[in-house]
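Order of the sequence lines fixes the chain letters, A, B, ..., with proteins taken first and strands second; residue numbering starts at 1 for each chain.
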Protein chains: 2
Amino acid sequence: MNGRRPFPNPQALRVFLCVAQEGSVGRAALSLGMTQPGVSQHLQALENQIGRALFHRQGRRLVLTKTGQDLLPEARRAVQALEEFMQAAQALERLERGRVEIGASTTMAVYVLPRYLTEFKRLYPEIRIKLESGSSERLTQRLLQGEIELAVVEAVEHLEGFERQLFYEDELVVIVPPEHPWARKEEIAPEQLAEVPLIVREPGAMTFRVLGSALEQAGLEVNPIFYTDNHEVTKRLVLEGAGVGIVSSVVVRPNVRVGNLRALRLKGMELRRLFWLFYPKELGNPAAEALKNTLLS
Amino acid sequence: MNGRRPFPNPQALRVFLCVAQEGSVGRAALSLGMTQPGVSQHLQALENQIGRALFHRQGRRLVLTKTGQDLLPEARRAVQALEEFMQAAQALERLERGRVEIGASTTMAVYVLPRYLTEFKRLYPEIRIKLESGSSERLTQRLLQGEIELAVVEAVEHLEGFERQLFYEDELVVIVPPEHPWARKEEIAPEQLAEVPLIVREPGAMTFRVLGSALEQAGLEVNPIFYTDNHEVTKRLVLEGAGVGIVSSVVVRPNVRVGNLRALRLKGMELRRLFWLFYPKELGNPAAEALKNTLLS
DNA sequence: TCCATTCATAAGCGGATGTTATCAAAGTGC
DNA sequence: GCACTTTGATAACATCCGCTTATGAATGGA
């Protein structure tokens with residue numbers, strides 16, 4: 001009952017193309033895997049719809065009308081666009097195309113994720129990755145709003161509709177330059193932190209909060225002289241001898257290996273940081289799924 | 001029973017676009033002029049076909065999946081291509097686009113048709129015209145094969161499936177330069193042609209045949225000294241004083257008006273040339289129809 | 001003129017497409 | 001917290017579409 005049908009029938013368009021190419025209804029039917037009457041009917045339907053003949057029926061011969069000639073490329077374009085839609089869908093499925101947006105807390109984004117993302121890029125070179133770093137709160141919110149599909153954060157609460165897996169286990173360490181008196185020790189007592197100039201991240205950052213709550217439990221208090229918003233700055237300050245730093249161990253692993261920084265534990269304190277990978281129970285994006293698997297492999 | 005459907009449903013694509021734009025199934029239904037369940041079903045069908053969710057259903061809110069975001073432009077392209085097909089068909093109908101191929105015997109093509117084609121171009125600037133000149137035989141054949149849609153030729157026989165209308169009425173005239181002894185006469189006796197050097201078109205051309213058969217009927221014979229394949233050459237030769245020419249009157253009308261050539265009739269002879277416009281009984285091309293009308297107006 | 005080929009038409013069946021009616025769930029206001 | 005509104009999903013159903021098989025008509029060739 002719908003007065004006008006705004007679209008030409010794609011199947012009819014394909015029939016049109018095929019008949020034009022084969023030059024015969026019967027052969028077109030064969031080539032399309034359908035019967036000859038079906039082809040005839042589609043052709044007629046299309047001609048009725050546009051109100052003009054597409055083929056000149058002279059006897060048993062079918063010749064394209066000028067109208068037909070003019071519409072042929074348009075039909076081709078339309079059919080191709082429809083096919084490309086399906087191909088795009090399949091390409092997304094085959095990971096030959098697509099995008100993922102992942103969020104990670106700063107430490108992970110800078111010191112851990114790059115090697116995974118590089119590996120992922122090697123596996124699926126056509127997938128575009130967008131990595132967003134930020135605070136755990138912000139990332140959790142973004143995840144809930146569906147603006148990122150994966151999040152590597154420290155948050156511990158359970159999120160409704162999401163799952164999580166442990167991604168990385170780290171701990172806070174005290175770092176000093178090799179010349180420092182503590183350089184030979186494996187660990188020091190927490191109280192000793194009060195005796196040195198302390199360099200930590202700003203109070204809003206999770207790094208600081210882990211430290212703060214641990215010390216608080218032990219009845220201690222620290223008075224940092226430097227707050228930074230960047231682990232590299234902290235390291236630099238420590239290297240220059242400005243004081244004693246507290247950072248995630250992953251941040252200084254290369255320095256410790258090279259030997260220009262020393263990392264120590266705080267005796268009797270648990271400064272573990274657990275980084276979880278959060279993701280929706282069912283993430284409808286093949287690319288995101290693949291990245292998840294890469295991260296957890 | 002057909003295992004796989006190679007095409008996405010265009011209606012479903014449109015629904016997809018509309019829901020994405022409106023952000024709501026209900027509003028999309030309103031905007032599309034259909035009911036809400038219909039929209040829901042189309043969306044689900046499309047999602048089933050590609051095997052992925054296009055929207056993230058969180059509560060009553062619909063948010064595009066990454067997959068959905070990636071497929072959105074593809075869907076847009078496909079829908080647009082389909083619409084453009086219909087628009088192209090309508091443009092052909094409205095003469096905002098299209099082509100005509102017309103054939104005309106040489107005389108008509110050179111001396112008569114240009115002014116009509118110019119007028120046609122003024123009326124329908126977007127229509128492309130292809131003018132083919134040739135012998136009446138060749139053009140008739142091309143017309144029968146559907147390779148040209150209109151033909152202005154002299155042929156007299158009826159063509160099955162075609163109609164004709166008189167397009168132009170002409171006659172053969174004898175032309176001489178103003179200095180010629182005949183220049184003051186209105187007509188001359190056919191026998192006198194034997195006394196002068198004669199310039200005519202080659203025997204294959206219709207111009208010659210009309211003349212030949214007329215003279216034959218009168219029991220006369222001509223011995224041309226020049227055969228040319230081009231009216232302009234004939235005129236030139238006459239202008240230079242090389243002899244007396246015989247051409248269609250339309251060919252020399254401007255010269256007669258200017259006065260550098262004189263045209264005479266052959267006394268007692270009928271040298272009429274009737275040019276007919278032939279065209280298929282039903283020509284399925286709006287542009288051809290329009291050109292036909294212009295030619296006959 | 002007969003025959004083979006080819007396209008058009010008729011009739012029928014199954015599925016797709018849209019409808020109305022109804023349900024479930026999520027916000028909203030008190 | 002509870003009723004109410006809003007919104008999307010589901011069910012049942014009518015209609016139309018698209019394809020089939022069977023048959024007819026017309027053309028072109030021997």
Side-chain angles (χ1 to χ4, degrees), chain A residues 1-16 18-49 53-65 68 79 82 144-146 160-161, chain B residues 1-16 18-49 53-65 68 82 144-146 160-161 281-282 284:
Chain A
M1 207 46 39
N2 208 340
R4 46 89 187 269
R5 166 187 292 253
F7 289 130
N9 183 334
Q11 190 74 1
L13 291 184
R14 203 172 62 157
V15 162
F16 170 37
C18 197
V19 171
Q21 190 183 353
E22 301 285 341
S24 142
V25 172
R27 256 173 305 170
L30 204 60
S31 154
L32 290 167
M34 55 192 289
T35 57
Q36 170 264 317
V39 172
S40 279
Q41 291 172 136
H42 265 306
L43 262 191
Q44 286 179 49
L46 192 57
E47 289 181 330
N48 286 340
Q49 196 176 4
L54 294 169
F55 293 93
H56 216 51
R57 271 94 166 166
Q58 40 181 350
R60 68 171 52 177
R61 169 154 274 124
L62 284 189
V63 186
L64 271 173
T65 308
V79 166
L82 287 167
L144 286 169
Q145 288 175 349
E160 185 61 31
Chain B
M1 206 45 39
N2 209 341
R4 47 89 185 269
R5 165 186 290 251
F7 290 128
N9 183 335
Q11 192 73 1
L13 292 184
R14 202 172 62 157
V15 162
F16 170 37
C18 198
V19 171
Q21 190 183 351
E22 300 285 341
S24 140
V25 172
R27 255 173 304 170
L30 204 61
S31 154
L32 290 167
M34 56 191 290
T35 57
Q36 170 264 316
V39 172
S40 278
Q41 290 170 152
H42 266 305
L43 261 191
Q44 287 179 51
L46 191 57
E47 289 181 330
N48 286 341
Q49 196 176 4
L54 294 169
F55 292 92
H56 216 50
R57 271 94 164 164
Q58 41 182 351
R60 69 170 49 175
R61 168 154 275 125
L62 285 188
V63 186
L64 272 173
T65 308
L82 287 167
L144 286 168
Q145 289 175 348
E160 184 63 30
K281 264 202 171 62
E282 48 200 85

Which nucleotide in D:dA9, D:dC19, D:dA11 has an atom nearest any side-chain atom of B:Q41: D:dA11
Rounded off to whole Å, could you give me the CG-to-P distance for the A:L46 and C:dA8 pair? 14 Å
Starting from C1' on D:dA9, measure out to CZ on B:F55 and report it in whole angstrom. 15 Å
Whole-Å distance, A:H42 NE2 to C:dA8 P, equals 14 Å
Listed once per pair and sorted, the side chain to side chain donor-acceptor pair (under 3.5 Å) pairs that draw on residues 31-40 of chain B, sequence neighbours left out: B:Q36-B:S40
Of B:A45 and A:V25, whose closest DNA chain C nucleotide lies nearer the 5' terminus? A:V25
OP1 or OP2 of D:dA9 less than 4.0 angstrom from a side-chain nitrogen or oxygen of B:S40, does that happen here? yes
Starting at atom CD of B:Q11, determine the distance to atom P of D:dG18, rounded to an integer number of angstrom. 12 Å
The side chain of B:S24 lies closest to which of these nucleotides: C:dA8, D:dG8, C:dT19? D:dG8
To the nearest angstrom, how far is A:R57 atom CZ from D:dG28 atom P? 15 Å
Nucleotide D:dC19, atom C1' - distance to CG of A:N9 in whole Å: 12 Å
Listed partners of A:E47 passing salt bridge (Lys or Arg N to Asp or Glu O under 4.0 Å), at least two apart: A:R57
Tell me the interatomic distance from B:F7, atom CZ, to C:dA16, atom P, rounded to whole angstroms. 17 Å
For A:L46, which residues count as a side chain to side chain contact (heavy atoms under 4.5 Å, CB included) partner, sequence neighbours excluded? A:P8, A:A12, A:L13, A:F16, A:Q49, A:L54, B:F85
Please list all pairs meeting salt bridge (Lys or Arg N to Asp or Glu O under 4.0 Å) that have one or both residues in residues 21-32 of chain B, counting only residues at least two apart or in different chains. none
Please give, in whole Å, the distance from C:dC7 C1' to A:L54 CG? 16 Å
Give me the residues of residues 26-37 of chain A where at least one heavy atom lies under 4.0 Å from an atom of DNA chain D, by number, or none. A:M34, A:T35, A:P37
Nearest heavy-atom neighbours spanning B:A28 and B:V19: CB-CG2, 3.5 Å
Here the salt bridge (Lys or Arg N to Asp or Glu O under 4.0 Å) pairs for residues 37-46 of chain A, sequence neighbours left out, are none
Distance from B:M34 atom CE to B:R14 atom CZ, nearest 0.5 Å? 8.5 Å
